[in-house]
**Student:** 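Can you keep this structure in mind? I'll have questions shortly.
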Amino acid sequence: MSELSGGKLPKESTDFLSSVGTQVQQRFVANRMILSYEEYLALFFKEPRLHARSAAQHLRDAMDFFGTEEIETPIGKLRRFKLFDGVGEGLGLAENVHGGDGRVAGQEEVQNAIYRQISNFVRAGRVNKLIMLHGPNGSAKSSIITALMRAVEEYSRRPEGIRYRFNWVFPSEKLVKGSIGFGGAPPAGAKFETFAHLEGEAIEARIQCELKDTPLFLIPRDERRRMLLEHTRAAERGSDGDDAFILSDYMLDGELCQKCRSIYSALLAHYNGDFLKVLRHVQVERFYVSRRYQTASATVEPQMSVDADARQVTADRSHGSLPPPLQNLAFYEPMGALVSGNRGLVEFSDLLKRPLEAYKYLLGTVETASVSLGLFLLQLDAVLIASSNEKHLSAFKEIPDFASFKARIELVRVPYLRRYSVEKQIYDSQLDRATVGKHIAPHTTRIVAMWAVLTRLKKPMVERYKGAVRSIIDDLSPNEKLQLYDSGKAPDRLSLQQANELRAQLPALYRESDAYPNYEGRAGASAREMKTILLNAAQNAQYKCLNPLAVIEELTELVKDKTVYEFLQQERMDDFHAHEEFVRVVEDDYLDIIDQEIRDSMGLVSETQYKDLFERYVQHVSSSLKGEKIRNRVTGEYEKPDEDLMAHTESILMSRGQDKRDFRRSLISSVGAFRLDHPDVEIDYSRIFPDLFRHLREHFFEERKKTIKRNKENFLRYLGDEKSSLLERDRHQVESMLTTMRDRYHYCEHCAKDAILFLMRKRYSD
Ligand SMILES: Nc1ncnc2c1ncn2[C@@H]1O[C@H](COP(=O)(O)OP(=O)(O)O)[C@@H](O)[C@H]1O
Ligand SMILES: [Mg+2]
Ligand SMILES: [Zn+2]
Ligand SMILES: [Zn+2]
């Protein structure tokens with residue numbers, strides 16, 4: 001026998017339960033979960049606009065609620081809706097099943113298009129179109145809709161996003177007739193009797209409205225219209241502006257659903273037309289939008305064949321306990337995704353995958369905001385968003401019915417991303433040590449994102465450009481285009497003027513193929529495919545971390561078999577769509593980065609250090625030619641130009657037999673000429689003297705190579721079992737290097753080793 005069975009419950013658990021109980025109840029009251037009709041109307045009169053919102057208005061308010069920010073991109077400023085950065089608490093399982101974490105990287109243009117369309121609905125007072133997101137597979141169409149749904153859910157939990165529906169309640173016979181008296185006394189401060197707050201035993205029956213009709217429908221239409229117009233001080237249809245509130249068709253003209261109307265009429269007859277007595281039976285209930293419970297948020301999967309249906313309910317069958325006034329009533333209970341999604345958002349996932357017959361009715365639905373169920377109409381107030389891939393959409397455009405559909409569909413294109421730093425956010429936010437089961441080495445997601453975007457880029461249409469910039473654009477390599485899109489950076493090989501001309505064309509270049517069926521961002525590797533590649537790479541037993549080397553191996557294998565993914569079969573255009581070569585491109589990029597990081601961790605000269613050296617050299621030469629003194633940066637004293645420094649630099653820069661004085665003069669006059677041409681530009685010597693910089697680089701490279709080799713040997717001994725054989729000094733150096741790699745660049749011991757060996761093999765072996 002358990003300890004609990006005999007005596008009292010332990011105090012701890014009863015205390016806990018009563019404290020939870022108190023909290024739940026307080027929240028319930030504070031959140032205004034259950035109201036009598038009178039209490040509801042009091043809320044309405046306080047904030048009429050809040051309660052008179054249609055689904056489109058509620059959705060737009062939700063988008064506004066989470067706010068926007070302006071982001072800078074190389075193609076200009078864009079407005080980003082913050083809800084796409086994720087809202088609310090941690091993830092529930094349901095959300096995970098639906099994919100994504102509620103965050104959508106990039107896609108600002110899609111966000112704005114959706115917002116514009118919803119604003120149109122608001123201004124028109126009705127949802128008169130089906131929004132259709134279309135794009136290649138895996139371009140975040142579903143993720144975008146999921147993020148919207150999550151935002152509306154979260155918003156509906158806040159006071160600003162409050163939503164109400166109502167139920168019909170019937171007190172138990174005993175209560176009405178019994179000696180305890182009448183159970184419907186008005187709550188404190190109220191005037192009219194109500195059954196809304198009855199509990200448990202005292203309630204005989206409670207009937208929900210499946211469509212979640214707004215409680216405002218209980219006021220007859222003419223009176224309701226007058227009340228709404230007067231209290232919301234509504235603006236004309238089509239008005240805009242922050243303070244313009246538009247009343248929707250739904251609120252103005254909507255009617256109770258078939259079931260509620262039957263109950264209403266039956267009660268009104270029962271009470272001989274006493275409206276207030278009917279209202280006693282109304283229990284207004286707050287609802288939270290929820291995809292999981294299909295409340296004002298529903299998804300229609302392509303394999304589902306019926307979106308709305310109804311079954312008849314009769315007194316003798318399921319509702320044996322129907323209260324007397326309703327007992328001879330026959331009414332219908334509607335069901336299906338359109339019903340549960342009413343007063344919110346309905347997603348039609350991959351709509352065009354369905355047979356035409358299964359979605360043709362939608363045309364009428366957006367036309368009339370209703371669905372016919374044969375015996376009666378379901379009146380809807382919902383924003384409908386569908387998704388489709390490009391293939392299905394093209395096929396759809398071919399059918400004869402398309403012409404009539406077209407006017408009722410708003411097409412919003414959702415291409416793949418074309419900026420790798422944004423693409424990288426997808427992998428960074430969706431993969432971590434827990435999901436891949438290993439440490440994720442630095443730069444892994446970067447090269448994955450780069451490769452994915454490279455496969456998506458198209459060769460520019462050169463004939464669109466005039467003048468000198470045409471050949472510059474013609475010469476752009478895929479990697480150069482990639483960098484240009486990502487950060488606006490023009491290739492180093494271009495002169496300043498050329499770079500500016502190219503940058504001026506960037507927006508045109510970026511939007512070049514927008515109007516074409518085969519737009520840039522339609523084909524290529526999808527994020528979903530890249531995640532698979534990452535997860536496969538994580539299985540590579542050769543490495544203790546998920547690192548770029550494993551990814552490169554994976555990609556190298558992948559491009560060999562062109563049948564795996566369709567995009568691998570794209571025809572090559574110059575260097576574009578050269579997927580094998582892109583593996584080398586990302587590998588090179590990776591090597592450049594680790595070269596710099598590893599050198600930096602070893603405390604070796606970095607690029608900026610020899611730029612520094614060169615700058616100082618020019619200063620000293622300039623002063624010495626003018627016969628001036630130069631200010632010592634450390635002491636602040638004025639000193640003669642440093643001959644040793646100049647001689648040392650010249651020993652690296654000058655070729656044999658060159659005259660020192662000539663060299664110096666021509667150097668200074670080149671700098672002068674540059675200054676004249678570009679008075680406002682900060683001098684970058686590596687651009688004026690690319691050859692000299694190459695000399696410098698090579699010189700330091702040779703020096704570096706020796707040190708790196710020695711360091712590598714020490715490093716391997718350190719990681720192996722020979723730590724003790726290392727000299728104190730060498731051990732110190734290895735440790736400080738590892739510390740920097742860890743703290744500054746986030747390597748662990750294992751991926752640091754992988755990176756160093758790879759760098760040695762690729763760049764510093766003889
Ligand atoms: N811009 C993006 N932001 C976040 N995740 C993305 C993005 N693009 C693609 N994904 C990821 O790729 C996968 C496919 O996205 P999904 O929204 O289902 O695509 P679609 O519905 O367009 O086929 C999801 O796992 C999603 O997380
Ligand atoms: Mg999808
Ligand atoms: Zn109803
Ligand atoms: Zn690691």
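Just so you know, ligand 1 is whichever comes first in the structure, and atom 1 is the first atom listed for that ligand. Positions are given from 1, in the same order as the sequence printed here. This is a predicted model, so every value here is computed, not measured.
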**Student:** Which single N/O/S atom of H439 lies at minimum distance from the Zn ion (ligand 4)?
**Tutor:**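 H439's closest N, O or S atom to the Zn ion (ligand 4) is named ND1.
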**Student:** Looking at R157 and E154, is there a salt bridge between them, counting it only when a charged N and a carboxylate O are closer than 4.0 Å?
**Tutor:**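 The answer is no: the pair does not qualify as a salt bridge.
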**Student:** Any ion pair linking E109 and R116 (charged N to carboxylate O, less than 4.0 Å)?
**Tutor:** no
**Student:** Atoms of ligand 1 less than 4.0 Å from S143 heavy atoms?
**Tutor:** 15 (O), 16 (P), 17 (O), 26 (C)
**Student:** Just which atoms of ligand 1 are under 4.0 Å from any heavy atom in S142?
**Tutor:**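 With S142 as reference, the close atoms of ligand 1 come out as 17 (O), 18 (O), 20 (P), 21 (O).
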**Student:** Ligand 1 and A140, any nitrogen or oxygen pair closer than 3.5 angstrom?
**Tutor:** yes
**Student:** Do F582 and L457 have side chains that get closer than 4.5 Å, going by heavy atoms?
**Tutor:** no
**Student:** Need the ligand 1 atom indices (1-based, order shown) with element for anything under 4.0 Å from a heavy-atom of K141.
**Tutor:**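 Contacts of ligand 1 toward K141, numbered from 1: 17 (O), 19 (O), 20 (P), 21 (O), 22 (O), 23 (O).
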**Student:** Test of geometry: compute the angle SG(C748)-the Zn ion (ligand 4)-SG(C545) and round it to 10°.
**Tutor:** 90°
**Student:** What are the two closest heavy atoms between S388 and L352, and how far apart are they?
**Tutor:** OG-CD1, 3.4 Å
**Student:** Quick one: do the Y718 and Q733 side chains pair a donor with an acceptor below 3.5 Å?
**Tutor:**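 No, because no side-chain N or O of Y718 sits under 3.5 Å from a partner of the opposite role on Q733.
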**Student:** Does K531 reach ligand 1, in the sense of a heavy atom lying below 4.0 Å from it?
**Tutor:**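 K531: in contact with ligand 1 (<4.0 Å).
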**Student:** Pairs of nitrogen or oxygen atoms closer than 3.5 Å, one from A105 and one from ligand 1: do any exist?
**Tutor:**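 By distance alone, the answer is yes.
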**Student:** For the side chain of N112 and the backbone of E108, is there at least one donor-acceptor N/O pair under 3.5 Å apart?
**Tutor:** yes
**Student:** Within a distance under 4.0 Å of any heavy atom of G138, pick out the atoms of ligand 1 and give their elements.
**Tutor:**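 Result: 9 (C), 14 (C), 19 (O), 20 (P), 22 (O), 23 (O).
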**Student:** May I ask you to decide if K489's main-chain N or O and Q483's side chain share a donor-acceptor pair within less than 3.5 Å?
**Tutor:**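 No, the answer is negative, given that no donor and acceptor are paired below the 3.5 Å cut-off.
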**Student:** Are the charged groups of D730 and R710 less than 4.0 angstrom apart, N to O?
**Tutor:**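 Salt bridge absent between D730 and R710.
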**Student:** Short of 2.8 Å from the Mg ion (ligand 2), name each protein N/O/S atom, waters not counted.
**Tutor:**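 For the Mg ion (ligand 2), the protein N, O and S atoms that sit under 2.8 Å away are S142 OG.
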**Student:** Ion pair present between E587 and R584, side-chain N to carboxylate O less than 4.0 angstrom?
**Tutor:**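 A salt bridge is present here (some side-chain N lies under 4.0 Å from a carboxylate O).
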**Student:** Regarding K709 and E713, does a basic nitrogen lie under 4.0 Å from an acidic carboxylate oxygen?
**Tutor:** no
**Student:** Please confirm whether S387 comes under 4.0 Å of ligand 1, counting heavy atoms of the residue only.
**Tutor:**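 For ligand 1, residue contact (heavy atoms, under 4.0 Å) with S387 is absent.
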**Student:** Would you mind running through ligand 1 and noting each atom that sits below 4.0 Å from a heavy atom of Q430?
**Tutor:** 4 (C), 5 (N), 25 (O), 26 (C), 27 (O)
**Student:** Need the ligand 1 atom indices (1-based, order shown) with element for anything under 4.0 Å from a heavy-atom of S139.
**Tutor:**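 That gives atoms 19 (O), 20 (P), 22 (O) of ligand 1.
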**Student:** Hey, is K762 close enough to D588 for a salt bridge, meaning N to O under 4.0 Å?
**Tutor:** no
**Student:** Would you please classify the geometry between the F396 ring and the F405 ring as parallel, tilted or perpendicular, with 30° and 60° separating the classes?
**Tutor:**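 Taking F396 first and then F405, their aromatic rings stand perpendicular (interplane angle over 60°).
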